[in-house]
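Here is the structure we will look at.
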Amino acid sequence: MKILFVTTAIPFPPRQGVELPNARIAEALSQAFELDLLVITKNEEEKQLHERQKNVPKSIHQTLHLHCRDQRSTRAKIFQEIQLKAPSFFLQEYAADDLNQLFLDSPYDAVWFSPVGCLGLLQACQQLGLTIAPQVALGCNDVITTTYFDSLKEWLSGRMGFSRQRLLQGLRTGVILLLEKRYLQQVNLLHVQTPLEKKRAHWVLGNQAKQPQVIAAQNGRKRLLEKVTYQSQCAPAAKRVLYMTHLQGGRAKESVWFLERVWPKVIQTHPDAELLLAGTPPLANSDMARSLPPEAQVLGYVEDLVALYSSATVAVVPIVHSTGLINRALDALVAGVPLVSTPAVLSTIANCEPGRDAIAAYSATDFSQAICTLLANPEQRKTYSIQGRALAQQQPTWQESTNAIVSALREICHLEKSASPASPVSQESSQTTGEKKPKERSTPSLQPHS
């Protein structure tokens, strides 16, 4: 069986966001089937394509490249979206010769698109009468309608300041709902991150006649963090609050809300508390860098996560969106570090019960009081550490998640269900499993455009 995995960047090693599940899923599929990786790029991204080529696992048959020529302005894309032609995030406008070279006699049994914008390639091929593969899978991770609605909620929450992008996304939620209903009917398999996203996907699809199979397979828990020995149960102990965050970029304003509205209340009650900031550091001499409190330690990107979580007393995730799986929250639970987060974040973790597994807080006052209570109460920290870790053990590993995805892809392609995803089948042994031996690849790799 031959699979084409379509994405927007070589995800090896994963750097952020969608690249993490893409790397794990692509590698698992390449071990079970013959897989080609097709990377859609624009001009500015093509240099990185060559730089990252050496990171592609040997299990992937070959890496192909397709240039997206889309030169439309943001305004033009939104106008087309409002006309219900295609979502503004769809990648469109490809050279017909390139598409014909790849798909005129396509050898693929199934195609996997991720992120969702790559699905624009399917639409472009349909306009030329080309079929990429008989079975189509979409690694959506979260429901886009909810993502747009969450953008409006974030803006209204006051934590993001004024964000024109989020306001515009929120106002277009109804349009996206209509478009999402339409494009999800083109796929046979829809992968989302969590049971919550699965419910949302079924809500978007409604009672439409054509329904894709929907599978919830989340990012696996970090087994490495199970090695953390939580040291902060017994007083006297350091009072270290861990905040995994971005101190520059589009989400930096979330950090401003915490630093300006929550942290001063904490330090007023616990003047000996420390704040550990891990993640994207601020730009030198920026307003963010100058406004950080003296008790804040900016750690940047941390390689030794076990040591980091072992040094933490409390972890905080004060974001307000609820799309996908919030990895930072799950990581704290796996490490056994008591967690304070919003109800929205905790809702993304299957079977999480606020007040038992973690503390739910929304307002600045609630957040600061929850942190202060934990810092002052070793027994309460111990209880949340034990309960949070017990919940984390219920979350799937990467192996379990990717096994479920491989099985679902086998099912939609009508392969023998007796093939075990736990023991990926190599090309050499495919004849003994009931899978057909892949045809020889006739389409050459496309070279990057100058």
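Residue numbers count from 1 along this sequence.
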Can you tell me if [X] has over 12 outside heavy atoms packed within less than 6.0 Å of its [atom1]?
X: Lys181; atom1: NZ; result: yes
X: Glu51; atom1: CD; result: yes
X: Asn285; atom1: CG; result: no
X: Arg290; atom1: CZ; result: yes

So [Y] and [X], do their side chains get closer than 4.5 Å, heavy atoms only?
X: Leu29; Y: Val406; result: yes
X: Ile371; Y: Val262; result: yes
X: Glu81; Y: Leu179; result: yes
X: Glu254; Y: His246; result: no
X: Cys413; Y: Met1; result: yes
X: Tyr309; Y: Met244; result: yes

Minimum heavy-atom distance [X]-[Y], with the two atoms named:
X: Glu226; Y: Arg389; result: O-NH2, 3.3 Å
X: Ser255; Y: Met288; result: CB-CE, 4.3 Å
X: Phe12; Y: Ala23; result: CE2-O, 3.5 Å
X: Ser106; Y: Thr131; result: CB-O, 3.5 Å
X: Arg381; Y: Tyr230; result: CD-OH, 3.5 Å
X: Ala315; Y: Val337; result: N-CG1, 3.6 Å

side-chain contact (heavy atoms from CB on, under 4.5 Å) between Gln53 and Ile10, intermediate numbers included: CA-CA 7 Å; Gln53 178 73 39; Ile10 291 176; 3.9 Å; yes

Residue pair Glu274 / Gln297, side-chain donor-acceptor N/O under 3.5 Å: yes

Flag for Gln399-Asn403: side-chain donor and acceptor within less than 3.5 Å: yes

Plane angle bin for Trp112 and Phe5 - parallel if under 30°, tilted between 30 and 60°, otherwise perpendicular: parallel

Is there a donor-acceptor contact under 3.5 Å from the side chain of [X] to the main chain of [Y]?
X: Thr348; Y: Leu196; answer: no
X: Gln123; Y: Leu119; answer: no
X: Ser407; Y: Ala404; answer: no
X: Glu180; Y: Ile144; answer: yes
X: Arg52; Y: Pro13; answer: yes
X: Lys77; Y: Phe89; answer: no
X: Asn188; Y: Val136; answer: yes
X: His191; Y: Ala217; answer: yes
X: Ser151; Y: Thr147; answer: yes
X: Ser347; Y: Ala344; answer: yes

Step-by-step side-chain contact (heavy atoms from CB on, under 4.5 Å) determination, Asp109 to Phe33: CA-CA 10 Å; Asp109 300 288; Phe33 315 111; over 6 Å; no

[atom1]-[atom2] distance between [X] and [Y], expressed to the nearest 0.5 angstrom:
X: Leu38; Y: Ile3; atom1: CG; atom2: CD1; answer: 14.0 Å
X: Asp36; Y: Ile60; atom1: CG; atom2: CD1; answer: 9.0 Å
X: Glu411; Y: Gln213; atom1: CD; atom2: CD; answer: 4.5 Å
X: Leu122; Y: Tyr183; atom1: CG; atom2: OH; answer: 12.5 Å
X: Leu325; Y: Gln395; atom1: CG; atom2: CD; answer: 7.5 Å
X: Leu66; Y: Leu64; atom1: CG; atom2: CG; answer: 9.0 Å

Passing option when Leu225 is tested against Asp331, Leu330, Leu308 for side-chain contact (heavy atoms from CB on, under 4.5 Å): Asp331

Working for side-chain contact (heavy atoms from CB on, under 4.5 Å), residues Val214 and Leu205: CA-CA 10 Å; Val214 183; Leu205 289 161; 4.3 Å; yes

Pairing of Lys2 and Glu34 as salt bridge, 4.0 angstrom limit: yes

Candidate pair Asp70 and Leu91, rule side-chain contact (heavy atoms from CB on, under 4.5 Å), full reasoning: CA-CA 7 Å; Asp70 198 343; Leu91 296 171; 5.9 Å; no

From CA spacing to verdict: side-chain hydrogen bond (donor to acceptor under 3.5 Å, both in side chains), Gln193, Asn219: CA-CA 7 Å; Gln193 277 282 328; Asn219 290 349; 2.8 Å; yes

